Amino acid sequence: MLTEIRIDGLGVISTATAQFHEGLTVLTGETGAGKTMVVTSLHLLSGARADAGRVRLGAARAVVEGRFTVDEVNSTAQKQVREVLESAAAEADEDGTIIAIRTVGSDGRSRAHLGGRGVPASVLADFTAPLLTVHGQNDQLRLQRPDQQLFALDQFAVDSVGSLLRKYQVQRRSWLDARTELLERTARSRELALEADRLKHSLSEIDAIAPEPGEDVRIVDEVRRLSDLDSLREAAAVAHDALAGPADSPEDGSGALELLGAARARIESADDPALTVLGPRLGEAIAVVVDLTTELSGYLSDLPSDPGALDSLLTRQAELKSLTRKYAPDIDGVIAWAEDARARLGSLDVSEGALAALAAEVDIAAERVREAARKLTAARTKSAGKLAAAVSTELGGLAMGKAKLEVVVRPVPASPQDSAPLTVDGQELHAGSTGVDEVEFRLSAHSGAQSLPLSKSASGGELSRVMLALEVVLASSDHGATMVFDEVDAGVGGRAAVEIGRRLARLARTHQVIVVTHLPQVAAFADTHLVVDKSDDGKGKVNSGVRALTKDERVIELARMLAGLDDTETGRAHAEELLETARSERTLA
């Protein structure tokens with residue numbers, strides 16, 4: 001619900017604040033006073049496109065600030081609002097209200113804020129969508145569009161149509177995906193076949209070499225080692241001979257191990273304790289030398305003795321490099337590429353059998369869509385009669401007693417270049433995102449009149465009443481939301497105006513309703529009456545403000561609306577009588 005709005009620098013309004021309450025609120029005022037600016041401000045809070053021409057002359061910017069509560073709306077709307085707030089990191093005030101702000105600069109630039117956070121204007125639109133519906137002076141023209149008529153029917157029949165529409169959309173998506181894949185495979189069969197051949201050739205090359213993870217790095221280390229084989233063998237052999245003594249030339253001298261043994265024997269044979277105590281230490285040294293000698297022997301025996309080992313490694317290294325030049329910087333990358341290539345190859349089955357299997361899958365998916373479309377059409381057709389009867393009844397109460405609304409559900413034929421043709425019961429139809437149906441509202445304005453589309457049969461006043469009747473019928477689907485009507489009573493008067501006031505009062509039982517009106521018959525039904533005053537500072541500068549009327553002021557305003565009779569006793573008496581009539585009528589609304 002909208003609780004407050006503040007407007008700065010918008011049109012003829014310099015600064016204005018208005019409080020809104022539950023029930024029916026009307027805004028009245030003289031022509032040009034700025035009533036429509038209030039509706040414009042709500043359009044801006046709804047994310048509408050900003051127009052620099054709306055900024056007050058001489059002002060740097062126009063600012064609209066709205067305060068909303070969500071406790072009154074249904075659980076679905078509350079969930080939508082919470083999701084928008086969470087996604088924008090916006091927060092409610094301490095009192096639970098949420099502030100939305102829209103700023104329009106004189107240069108045309110626009111900024112939006114929600115719950116203390118800067119957001120795109122589209123986020124404001126998402127926020128206000130479940131809370132606020134604005135019907136401007138030209139918005140009733142949208143009712144002439146087939147898509148809006150279809151939306152109205154689905155909204156009316158949401159309990160029976162909603163789940164069927166969602167199921168249809170899921171089935172349609174699966175069908176379109178499979179159909180697209182089949183068309184692409186068929187059209188690209190030659191190209192895909194060539195790609196499959198290339199992948200097979202590459203995989204055969206890689207499998208023939210059979211690289212192992214990290215093999216290229218290991219070979220580099222091994223090649224480096226084998227390249228230094230002679231110097232490594234010489235170093236290890238000299239070290240071994242120095243420790244153990246040369247086995248093939250004993251005459252060249254003894255090794256360190258023999259000399260250490262001789263030293264320990266001489267020390268152990270001495271009688272001096274100070275000398276013999278060194279014997280165990282020489283034993284430890286001998287043990288270390290023995291270990292070193294054994295390790296050097298093992299190292300020498302592990303060195304390759306095959307003179308062709310290095311050549312074999314170099315050949316293997318060349319094979320691996322042939323892969324890394326083509327497929328990836330290293331062997332691990334080549335192995336990963338091969339795994340991806342196998343997966344891709346598995347999806348490139350363009351054989352006749354594969355295409356036939358995919359075509360069968362498309363046929364099955366199409367049948368599911370057909371069945372879902374039939375059920376959706378049947379539910380819409382059944383609900384169309386109910387909607388037509390309900391709206392026709394409301395029109396009877398809006399001084400269109402002989403009018404009759406007809407809601408026609410019919411299939412949409414597929415066009416020659418249709419992107420989603422679907423054969424249903426022998427007809428090739430367009431399977432759109434909302435089904436295979438289109439809806440047309442046809443109006444017979446009076447008894448005996450031909451039933452014609454709204455765009456051809458309804459005058460401005462009749463179209464306004466049809467829209468209002470439709471809103472009353474649809475009211476139960478969005479309990480608690482705020483509905484704004486800008487001169488919905490245009491083109492009507494007399495008893496029809498009284499009936500519009502009654503319907504708005506009825507609508508206000510479940511909604512917050514805000515109405516801009518010129519008709520005293522409508523204004524008399526209001527729970528809250530706001531007036532937009534216009535003043536002139538004498539220098540040619542006009543300013544408007546919004547204020548709530550007291551009971552006595554309301555009588556004066558209604559008398560003014562009654563052909564400018566606010567200064568006469570007759571006019572005031574007429575206004576009081578109108579208020580009293582409205583009070584009694586509201587009990588019947």
Side-chain angles (χ1 to χ4, degrees), residues 1-21 25-68 97 99-114 121 124 128 132-139 482-488 490 512-518 522-523 526 528-550 553-554 556-557 560-561:
M1 186 178 79
L2 178 67
T3 62
E4 183 181 3
I5 190 169
R6 178 182 175 86
I7 305 171
D8 292 313
L10 185 66
V12 295
I13 299 177
S14 175
T15 299
T17 301
Q19 305 285 335
F20 295 97
H21 306 281
T25 299
V26 299
L27 284 92
T28 64
E30 295 182 358
T31 301
K35 300 185 298 299
T36 300
M37 288 299 102
V38 177
V39 179
T40 299
S41 67
L42 295 177
H43 271 298
L44 288 172
L45 290 181
S46 299
R49 183 177 180 180
D51 182 2
R54 295 291 190 179
V55 179
R56 182 176 171 82
L57 186 64
R61 67 186 63 84
V63 181
V64 179
E65 177 181 323
R67 186 180 292 271
F68 294 85
T97 60
I99 296 178
I101 302 175
R102 187 77 182 277
T103 303
V104 182
S106 57
D107 58 358
R109 295 183 179 180
S110 169
R111 298 175 61 190
H113 292 81
L114 179 65
L124 281 190
T128 56
L132 183 66
T133 302
V134 182
H135 296 282
Q137 294 184 35
N138 296 319
D139 284 349
T482 298
M483 306 187 73
V484 182
F485 296 94
D486 185 11
E487 299 190 18
V488 70
Q512 181 189 42
V513 180
I514 301 171
V515 181
V516 176
T517 182
H518 284 291
V522 173
T528 303
H529 192 150
L530 303 178
V531 67
V532 181
D533 290 323
K534 180 173 65 174
S535 61
D536 192 326
D537 62 0
K539 300 179 181 179
K541 195 168 186 178
V542 177
N543 185 42
S544 293
V546 182
R547 61 187 177 89
L549 298 182
T550 64
E553 290 173 333
R554 191 175 180 192
I556 295 173
E557 175 64 10
R560 180 197 65 77
M561 298 173 72

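Here the structure is a predicted model, which means the values were calculated and not measured. Both backbone and side-chain heavy atoms feed into the values below; hydrogens, waters and symmetry mates do not.
- The shortest distance between side-chain heavy atoms of Thr128 and Val134 does not fall below 4.5 Å.
- Using a 4.5 Å heavy-atom cutoff, the side chains of Val104 and Asp51 are not in contact.
- Looking at heavy atoms from C-beta onward, His113 lies out of side-chain contact with Glu65 at the 4.5 angstrom threshold.
- Side-chain contact check for Val516 versus Val38: every heavy-atom pair is 4.5 Å or farther apart.
- Contact record, Val546 with Ala18: CG1-CB, 3.8 Å, taken as the closest heavy-atom pair.
- Shown here for Arg54 and Met37, the closest heavy-atom pair between the two residues is NH1-CE, 3.0 Å.
- Here the straight-line distance linking atom CG of Asp486 with atom CG of Leu27 works out to 9.5 Å at 0.5 Å rounding.
- Remark: Arg6 engages Asp8 in a salt bridge (charged side-chain N to carboxylate O under 4.0 Å, His left out) (not counting sequence neighbours).
- With hydrogens and angles ignored, the 3.5 Å screen pairs no side-chain donor or acceptor of Arg111 with any backbone N or O of Ile101.
- You'll find the side chain of Leu2 reaches within 4.5 Å of the side chain of Phe68, heavy atoms only.
- The minimum heavy-atom distance linking Thr103 with Arg61 is given by the pair CG2-CD, 3.6 Å.
- Of all the heavy atoms in Arg56 and Ile13, the pair that sits closest is CD-O, 3.8 Å.
- The shortest side-chain heavy-atom distance between Val513 and Phe485 falls under the 4.5 Å cut-off.
- In this structure, Arg560 and Gly29 approach most closely via the heavy-atom pair NH2-C, 3.6 Å.
- How far CZ of Arg102 is from CD1 of Ile7: 14.0 Å, rounded to the nearest 0.5 Å.
- Contact between Ala112 and Leu124 at its shortest, heavy atoms only, is CB-CD1, 3.6 Å.
- Note that the NE2 atom of His43 and the CZ atom of Arg49 stand 15.0 Å from one another [nearest 0.5 Å].
- How far CD1 of Ile99 is from OG1 of Thr3: 9.0 Å, rounded to the nearest 0.5 Å.
- To the nearest 0.5 Å, atoms CG (Leu10) and OG1 (Thr36) are separated by 11.0 Å.
- If you check the side chains of Thr97 and Arg67, you find a donor sitting under 3.5 Å from an acceptor.
- Qualifying salt bridge (charged side-chain N to carboxylate O under 4.0 Å, His left out) partners for Arg547, counting only residues two or more places apart in sequence or in other chains: Asp533, Glu553.
- Distance check, rounded to the nearest 0.5 Å: OG1 of Thr133 to CD1 of Ile514 gives 11.0 Å.
- Take Thr28 and apply the side-chain hydrogen bond (donor to acceptor under 3.5 Å, both in side chains) test, not counting sequence neighbours, and it matches His529, Glu557.
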